[in-house]
Amino acid sequence: MGQSSSAEQVSPEQREAESIAASTGALPNLQKAFSVLSDPQTHSIPIHSLQKCFGFSIDGSTNEESVVPKEFPVLMSNLSSSIVDLFFLSEKGGISWVEFLKGYIKCSGRTVSSASLNSLLRLFGMISVKAGLPEKLQVVSDEDDCKISGFLLPVDVQMLLSMCWIMWWDSNKLKASSSLGDSGLPDVTHLVLSAIDSCAEADKKMDLWETSILDMDIQLPVAKIIMWALKTVPSLSDCFGKFVHARLFYVAAHEEKLDQPDLFSHDISAKEMSVGHLLNSGRAWAISLTLRGTLSEEISKVCFPSAAEEVDDYLLYRSSLHGKGLNRFWSNIEGYNAPLLILISAHVTNNDARRWIIGALIHQGLENHDTFYGTSGSLYSISPVFHVFTPSGKEKNFVYSHLHGTVKYEAHPKPVGLAFGGSSGNERIFVDEDFAKVIVRHHACDKTYHHGPLYPDQGFLPVEASIMDVEVLGLGGKRARDIQSSYKKREELFTEQRRKVDLKTFGNWEDSPEKMMMDMVSDPNRVRREDR
């Protein structure tokens, strides 16, 4: 199925669609998926078969204490039918091979991020209408690069993000080809507040410390939401494309498993996954959406429940576990020559209720330097509001990490501590050597990272805050951790060798110059005769 018997029977439209699919490497699997789903008599896919391919059940329920809107399960029940209706055109009750290819290309083909976001928002708008929710989005044109107008409420943004999480989770679960269980729905409040902070009108912005998303009635223009997503979470639109890709590829490889009732199910009442005290699955997912490639995959692994069994492969240091201070910190991260994610939880003095979490991602291991260094990195405002500050390209003061020097006296000693951005003595983030205080300065002092507040209501003056906890996660995988273990063993061996003294190398004590000197000190007037 999906192939013609001769070149003459291939239309230009089919040839173009197959060429595009082949350029992505997906054509062989798409042919297998079409053969599995299609009716041999009509040589087309019945609509209900493709809907079943994209469908799944939502287990669990929402309650008054749940952060998930009660409309969300109803919303998700219309996902599969909306995908088929919107992207896979059908004729006479079936989907032909060409329309199947074109639908896949619309969902998972290579395209610009703005077009992918438009497709995602079109899908969300159709799902909302089918679920009986008020229509808030309007499609300006039906072209492939269609424009969308309208607005979303904060609760709509929350449901949109939760839908993307489920699609992202589903694709990773199928890709892993193992039983990973359910992670539930993560708390995405920090992402919703980020959208509100970036998209709401200046006169309608609220106190981001004490807000309830479900009760907020602020209209966020969809054009601003698209701009926010492109800047803050550029990989968000990939969740939909990966979902369609993973489902069709799974169908091609596991025809016999399609009838399992619990294959495509998601329990939204399951407990949110957490690796460490500061990094839960929602925060890890948000950080992964700002990245692409290997780093995104490594931070995404933190979201999987199976990662709980391998916490040591990620968590290098936690101040509440290993002790506070730069020396304790250094003893745990030294020798790890791979990207690091450093998280800092703090609060301003006399305001313990308003805690915030900031972070830094550096693309290399830490070194003991008295100057700034680094190749690349990003700063993060993680909680209560999520923002990412990528490199500006003007300077390269990515990280500063300096322990006490070996010289006992220095005329102008360099500050001892950990810092990110800014310049020496005027760092954007500076952590003291005791890990007791962190100083956060206004972005005007920093030319390395892009501008923006690291926590809500940050002013122009430097702020000294009390540190609650510090965590460091290694993103270099098992190989980087093995190299660090070898480094530590080698250092321990050298240290042990330095402690051992071989007395045989000093010869006989009676004939040694040291004994003669000791005897002279004990009785300098004693007459001594040289032994001949």
Side-chain angles (χ1 to χ4, degrees), residues 231 287 290-291 295 317 319 324-327 329-330 333-334 336-349 356-382 385 387-407 409-467 470-472:
K231 177 183 178 182
I287 295 174
T290 67
L291 306 169
L295 271 180
Y317 170 80
S319 60
K324 280 190 172 184
L326 190 60
N327 289 333
F329 167 85
W330 197 260
I333 60 92
E334 187 178 15
Y336 193 90
N337 298 318
L340 294 170
L341 176 63
I342 303 171
L343 305 177
I344 303 168
S345 173
H347 67 87
V348 180
T349 307
W356 36 265
I357 301 175
I358 58 177
L361 175 66
I362 57 173
H363 294 191
Q364 65 182 81
L366 293 178
E367 304 172 11
N368 184 14
H369 280 307
D370 59 0
T371 58
F372 276 92
Y373 62 94
T375 57
S376 185
S378 300
L379 295 183
Y380 290 94
S381 168
I382 298 177
V385 183
H387 288 297
V388 57
F389 308 104
T390 53
S392 64
K394 298 179 180 179
E395 289 184 350
K396 294 184 178 181
N397 294 346
F398 291 103
V399 60
Y400 172 94
S401 52
H402 181 50
L403 282 73
H404 284 288
T406 56
V407 181
Y409 174 76
E410 295 181 75
H412 302 285
K414 299 291 184 177
V416 177
L418 189 66
F420 307 95
S423 57
S424 182
N426 203 28
E427 303 84 358
R428 187 168 180 179
I429 300 176
F430 181 81
V431 180
D432 67 4
E433 62 176 315
D434 298 324
F435 279 22
K437 302 290 184 181
V438 56
I439 298 176
V440 180
R441 291 183 172 87
H442 190 261
H443 56 71
C445 70
D446 182 21
K447 295 182 180 180
T448 301
Y449 300 100
H450 277 110
H451 293 175
L454 288 167
Y455 63 89
D457 305 325
Q458 179 185 357
F460 291 96
L461 298 178
V463 173
E464 182 180 280
S466 300
I467 294 178
V470 177
E471 283 185 2
V472 181

Does [X] reach the main-chain N or O of [Y] with its side chain, forming a donor-acceptor pair under 3.5 Å?
{"X": "Glu427", "Y": "Gly425", "value": "yes"}
{"X": "Tyr449", "Y": "Gly377", "value": "no"}
{"X": "Asn426", "Y": "Cys445", "value": "no"}
{"X": "Gln458", "Y": "Arg441", "value": "yes"}

I need the minimum non-hydrogen distance between [X] and [Y], along with the two atoms involved.
{"X": "Tyr380", "Y": "Leu454", "answer": "O-CD2, 4.3 Å"}
{"X": "Gly359", "Y": "Leu343", "answer": "CA-CD2, 4.1 Å"}
{"X": "Val440", "Y": "Tyr455", "answer": "CG1-CE2, 4.2 Å"}

Using 0.5 Å steps for rounding, measure from the [atom1] atom of [X] to the [atom2] atom of [Y].
{"X": "Glu471", "Y": "Ser319", "atom1": "CD", "atom2": "OG", "answer": "7.5 Å"}
{"X": "Phe398", "Y": "Ile362", "atom1": "CZ", "atom2": "CD1", "answer": "11.0 Å"}
{"X": "Leu361", "Y": "Leu291", "atom1": "CG", "atom2": "CG", "answer": "6.0 Å"}
{"X": "Phe389", "Y": "Ile358", "atom1": "CZ", "atom2": "CD1", "answer": "10.0 Å"}

>> Test: salt bridge (charged side-chain N to carboxylate O under 4.0 Å, His left out). Region: residues 431-440. Which pairs qualify, not counting sequence neighbours?
In response: none
> Any salt bridge (charged side-chain N to carboxylate O under 4.0 Å, His left out) pairs touching residues 449-459, not counting sequence neighbours?
Replying inline: none
> Charged N to carboxylate O below 4.0 Å: is that the case for Asp370 and Lys414?
Replying inline: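 Result for this pair is no, no salt bridge flagged.
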> Which of these passes side chain to side chain donor-acceptor pair (under 3.5 Å) with Arg428: Thr448, Asn397, Asp446?
Replying inline: Asp446
> Does any pair with a residue in residues 414-448 pass ring pair (Phe, Tyr, Trp, His ring centres under 6.0 Å), and if so which ones, sequence neighbours excluded?
Replying inline: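 Those involving residues 414-448 are Phe329-Phe435, His442-Phe460, His443-His451.
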Flag side-chain contact, heavy atom, 4.5 Å: [X] against [Y]:
{"X": "Ile467", "Y": "Val431", "value": "yes"}
{"X": "Leu326", "Y": "Leu403", "value": "yes"}
{"X": "Trp330", "Y": "Asn368", "value": "yes"}
{"X": "Leu418", "Y": "Leu366", "value": "yes"}
{"X": "Val348", "Y": "Val463", "value": "yes"}
{"X": "Pro339", "Y": "Leu295", "value": "yes"}
{"X": "Phe372", "Y": "Val399", "value": "no"}
{"X": "Ser381", "Y": "Trp356", "value": "no"}

> For Thr390, which residues count as a side chain to side chain donor-acceptor pair (under 3.5 Å) partner, sequence neighbours excluded?
Replying inline: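 With sequence neighbours excluded, Thr390 shows a side chain to side chain donor-acceptor pair (under 3.5 Å) to His450, given in chain and number order.
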>> Run the side chain to side chain donor-acceptor pair (under 3.5 Å) test against Ser378 and tell me which residues pass, sequence neighbours left out.
In response: none
> Under 6.0 Å from the NZ atom of Lys324, do we count more than 12 heavy atoms belonging to anything else shown?
Replying inline: yes
>> Tell me every residue that passes side chain to side chain contact (heavy atoms under 4.5 Å, CB included) with Glu367, counting only those two or more places apart in sequence or in another chain.
In response: Gln364, His369, Tyr373
